[in-house]
Amino acid sequence: MKIAFATDDRNATTDAVLAFLVEAGHDVISPAAPDAWPELGAAVGKAVADGEADFGVVMCWTGTGTAIAANKVPGVRAALAWDTWIAAGARKWNDANVLALSLKRLAPDVAVEITEVFLSGIAPDAGESANIARLGEWDEPRR
């Protein structure tokens, strides 16, 4: 898969996630953007929404800022996950296409596990399709 990845800081957690993505065989792209978290989150969101990437992974101190920025892009459903259950649920029940992670509060191995689950091919629950479609309807006025 093609994964858009960006982080506003670098540490063992960000390095571990990036290494996992590469070692798993994903084509990792880093959208050109200033180093500030709002631009990085939006750039990853845009790459996903424009079809340049299948999914995105954004990281900042809490993960919240990059998630908010990515969610400003129409068509993006960014989810902040802190464990594998949240990551799986974000894919299953919300069809999330961008994963946001805290680079300060997650251990490297936990962040990798979360990323692996998020990208594992979990299909959206058909029973949630109407709810997921509603999210797309709200994007229309913003396009």
Side-chain angles (χ1 to χ4, degrees), residues 1-22 24 26-125 127-143:
M1 283 187 284
K2 195 173 247 187
I3 309 297
F5 176 84
T7 180
D8 71 343
D9 203 352
R10 186 174 170 197
N11 66 9
T13 301
T14 61
D15 291 349
V17 170
L18 185 55
F20 161 74
L21 292 171
V22 171
H26 298 295
D27 181 9
V28 180
I29 62 170
S30 296
D35 288 338
W37 59 262
E39 286 82 4
L40 291 169
V44 166
K46 186 171 177 358
V48 172
D50 289 350
E52 296 169 24
D54 301 304
F55 292 98
V57 178
V58 292
M59 300 179 76
C60 66
W61 279 33
T62 65
T64 307
T66 50
I68 292 169
N71 277 323
K72 295 294 183 180
V73 178
V76 171
R77 293 172 304 282
L80 175 61
W82 55 92
D83 65 27
T84 57
W85 188 85
I86 296 294
R91 289 288 307 127
K92 182 176 181 179
W93 298 308
N94 310 120
D95 194 19
N97 52 14
V98 174
L99 172 64
L101 298 167
S102 168
L103 62 84
K104 290 290 188 182
R105 301 300 296 169
L106 292 173
D109 60 325
V110 175
V112 167
E113 288 175 8
I114 294 166
T115 304
E116 185 173 23
V117 166
F118 186 83
L119 298 175
S120 68
I122 296 169
D125 182 344
E128 291 295 326
S129 62
N131 290 327
I132 294 166
R134 295 269 303 142
L135 298 174
E137 291 169 12
W138 292 333
D139 280 339
E140 292 306 316
R142 296 168 54 196
R143 291 190 191 265

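Atom set for the values below is all heavy atoms of this structure, side chains included, hydrogens, waters and symmetry mates excluded. The model shown is predicted, which means the values in this text are computed figures rather than measured ones.
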Looking at [X] and [Y], what are the two nearest heavy atoms and their distance?
X	Y	answer
Val73	Ala49	CG1-CB, 3.8 Å
Glu39	Ala33	O-CB, 3.8 Å
Ala16	Val112	O-CG2, 3.5 Å
Leu101	Ala81	CD2-O, 3.5 Å
Asp8	Trp37	OD2-CB, 3.6 Å
Leu80	Thr62	CD1-O, 3.5 Å

Margin query: With a 3.5 Å distance limit and no angle check, can you tell me whether Asp125 reaches the backbone of Gly127 through a side-chain donor-acceptor pair?
Written below: yes
Approximate separation, where rounding is to 0.5 Å, of [X] [atom1] and [Y] [atom2]:
X	Y	atom1	atom2	value
Arg10	Asp35	CZ	CG	12.5 Å
Asp54	Ile3	CG	CD1	6.0 Å
Phe55	Leu119	CZ	CG	6.5 Å
Leu18	Thr7	CG	OG1	9.5 Å
His26	Phe20	NE2	CZ	5.0 Å
Lys92	Glu128	NZ	CD	9.5 Å

Notebook entry, point to check: Among pairs that include at least one residue of residues 77-87, which meet salt bridge (Lys or Arg N to Asp or Glu O under 4.0 Å), considering only residues two or more places apart or in two chains?
Noted result: Arg77-Asp95
In the structure I gave you, are the side-chain heavy atoms of [X] and [Y] within less than 4.5 Å of one another anywhere?
X	Y	answer
Leu99	Ile114	yes
Val98	Val58	yes
Ile132	Pro124	yes

Margin query: Please list all pairs meeting side chain to side chain donor-acceptor pair (under 3.5 Å) that have one or both residues in residues 96-122, counting only residues at least two apart or in different chains.
Written below: none
Check: Met59 pairs by side-chain contact (heavy atoms from CB on, under 4.5 Å) with which of Asn11, Thr66, Val17?
Finding: Val17
Item checked: Trp93, CH2 atom: more than 12 neighbouring heavy atoms under 6.0 Å -> yes
Margin query: Can you list everything that forms a ring-ring contact (aromatic ring centres under 6.0 Å, His included) with Trp61? Sequence neighbours excluded, please.
Written below: none
